[in-house]
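A quick write-up on the structure given underneath.
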Amino acid sequence: MRFQELTEFFERIERSSGRLRMYSVIGDLFRRATAPEIAIIPYLCEGELLPPWAGLELGIGEQMVIQALSVAAEQSVAQVRQRYRKTGDHGTVAEQIIPEMSRTALTVAGVYKQLREIAHIAGSGSAAKKVGLLAELTRRCSPREARYLLRFITGKLRLGLGPLTILEGVTRSFPKSKDARQQLEQAYNLCSDLGLVLKTARLGGLTALKRFKTRVRTPVR
């Protein structure tokens, strides 16, 4: 799936006026995704790179975001900072200053991989390296992709999607949605990893979820 498609779904979710409409959009999103993408998208929807208990963070502060936007859009730091003061949203600023592109080559898997790489940068000069990689990634985005990328980076995705909301949207696409919801939620309760649960269900069906057990060092809900 192209990253552009995912951000289209994010926009639809953001504009959804009611829960039923949101569940429908979530169902459409996960039907379109492949099994590997299904393991990633729940984290991205919640503004995470991994389940929260895994403790993987991007380590990018507000000033680093402004510096990256400055490089990506070829504007001064002062110009970017002034726009941010007016909007209060780095995503909106990115959408305003990133050049329009009709179609980009970014994929969900590719963006996720680069975000993971940024998160793992450490040591001397790590801040400059993170800014450089974020600027490079942002430069390759369309304005809408940049909006949601930067909101993800700053922890302000604003989609209102928690794991149980995602589960509800996914289970409504099953013929017996109540049974599916019970099995999916039970597996999620045992591993606290929604990406793993949904990928397992896609590859092996609901029966594969019966193999989920409690595991050492993995929290139980």
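In this chain, numbering begins with 1 at the start of the sequence shown. Values in this document were obtained by computation on a predicted structure and should not be read as measured data.
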Please name the pair of heavy atoms, one in [X] and one in [Y], separated by the smallest distance, quoted to 0.1 Å.
{"X": "Cys191", "Y": "Val197", "answer": "SG-CG2, 3.6 Å"}
{"X": "Ala135", "Y": "Ala68", "answer": "CB-O, 3.5 Å"}
{"X": "Ser173", "Y": "Val170", "answer": "OG-O, 2.6 Å"}
{"X": "Ile38", "Y": "Pro42", "answer": "O-CD, 2.8 Å"}
{"X": "Ala146", "Y": "Cys141", "answer": "N-CB, 3.7 Å"}
{"X": "Arg221", "Y": "Tyr188", "answer": "CD-CE2, 3.1 Å"}

Any side-chain heavy-atom pair from [X] and [Y] closer than 4.5 angstrom?
{"X": "Glu14", "Y": "Tyr148", "value": "yes"}
{"X": "Gln183", "Y": "Lys210", "value": "yes"}
{"X": "Gln96", "Y": "Lys86", "value": "no"}
{"X": "Arg151", "Y": "Thr92", "value": "yes"}
{"X": "Thr165", "Y": "Arg19", "value": "yes"}
{"X": "Glu185", "Y": "Leu167", "value": "yes"}
{"X": "Leu190", "Y": "Lys213", "value": "no"}

Just by modelled atom types, is the [Y] backbone N or O under 3.5 Å from a matching donor or acceptor in the [X] side chain?
{"X": "Arg202", "Y": "Phe30", "value": "yes"}
{"X": "Thr107", "Y": "Arg2", "value": "no"}
{"X": "Ser177", "Y": "Phe174", "value": "no"}
{"X": "Trp53", "Y": "Ser192", "value": "yes"}
{"X": "Lys130", "Y": "Ile118", "value": "yes"}

Other residues, nucleotides and ligands only: do more than 12 of their heavy atoms fall within 6.0 Å of [atom1] on [X]?
{"X": "Arg31", "atom1": "CZ", "value": "yes"}
{"X": "Gln82", "atom1": "CD", "value": "no"}
{"X": "Glu62", "atom1": "CD", "value": "yes"}
{"X": "Arg215", "atom1": "CZ", "value": "no"}

Task: Sequence-distant partners of Glu57, side chain to side chain donor-acceptor pair (under 3.5 Å), two or more places apart - done: none
- [ ] For Thr34, enumerate each residue passing the side chain to side chain donor-acceptor pair (under 3.5 Å) test, keeping only those at least two apart in sequence or located in another chain.
- [x] Glu37
Drop me the distance from [X]'s [atom1] to [Y]'s [atom2], to the nearest 0.5 angstrom.
{"X": "Arg147", "Y": "Leu157", "atom1": "CZ", "atom2": "CG", "answer": "10.5 Å"}
{"X": "Glu11", "Y": "Leu159", "atom1": "CD", "atom2": "CG", "answer": "11.0 Å"}
{"X": "Leu206", "Y": "Leu184", "atom1": "CG", "atom2": "CG", "answer": "5.5 Å"}
{"X": "Cys45", "Y": "Leu161", "atom1": "SG", "atom2": "CG", "answer": "5.5 Å"}
{"X": "Phe3", "Y": "Arg140", "atom1": "CZ", "atom2": "CZ", "answer": "11.0 Å"}
{"X": "Glu168", "Y": "Arg181", "atom1": "CD", "atom2": "CZ", "answer": "5.0 Å"}

Do [X] and [Y] share a hydrophobic cluster, counting only Ile, Leu, Val, Met, Phe, Trp and Tyr and linking them when any side-chain heavy atoms are less than 4.5 Å apart?
{"X": "Leu133", "Y": "Val71", "result": "no"}
{"X": "Leu196", "Y": "Leu164", "result": "yes"}
{"X": "Leu150", "Y": "Val108", "result": "yes"}
{"X": "Leu198", "Y": "Leu203", "result": "no"}
{"X": "Ile98", "Y": "Phe10", "result": "no"}

Open item on the list: Working note: Arg83 + Ile97, criterion side-chain contact (heavy atoms from CB on, under 4.5 Å); need CA distance, chi angles, decisive distance, verdict.
Closed with: CA-CA 10 Å; Arg83 285 180 179 271; Ile97 64 178; 3.3 Å; yes
Open item on the list: One pair to check against side-chain contact (heavy atoms from CB on, under 4.5 Å): Gln75 and Leu69. What are the steps and the verdict?
Closed with: CA-CA 8 Å; Gln75 294 195 12; Leu69 273 175; over 6 Å; no
Open item on the list: Go through it in stages, so that I can follow the logic: the residues are Ile166 and Ile41, the test is side-chain contact (heavy atoms from CB on, under 4.5 Å), and I'd like the CA-CA distance, side-chain angles, deciding distance and then a yes or no.
Closed with: CA-CA 10 Å; Ile166 296 171; Ile41 291 174; over 6 Å; no
- [ ] Apply the side-chain hydrogen bond (donor to acceptor under 3.5 Å, both in side chains) test between Glu145 and each candidate in Thr104, Thr138, Thr7; give the one that qualifies.
- [x] Thr104
Task: Charged N-O contact under 4.0 Å between Glu8 and Arg12 - done: no
Open item on the list: Using the rule given for side-chain contact (heavy atoms from CB on, under 4.5 Å), can you reason through Leu29 versus Leu6, listing the C-alpha separation, both sets of side-chain angles and the distance that settles it, and then say yes or no?
Closed with: CA-CA 8 Å; Leu29 168 58; Leu6 179 61; 3.8 Å; yes
Task: Donor-acceptor pair between Tyr112 and Arg116 side chains, under 3.5 angstrom - done: yes
Open item on the list: Does the structure place the NZ or CZ of Arg81 under 6.0 Å from the centre of the six-membered ring of Tyr84, at an angle of no more than 45° from the ring's axis?
Closed with: no
- [ ] Could I get the full list of side chain to side chain contact (heavy atoms under 4.5 Å, CB included) partners for Ala119, not counting sequence neighbours?
- [x] Leu49, Leu56, Leu58
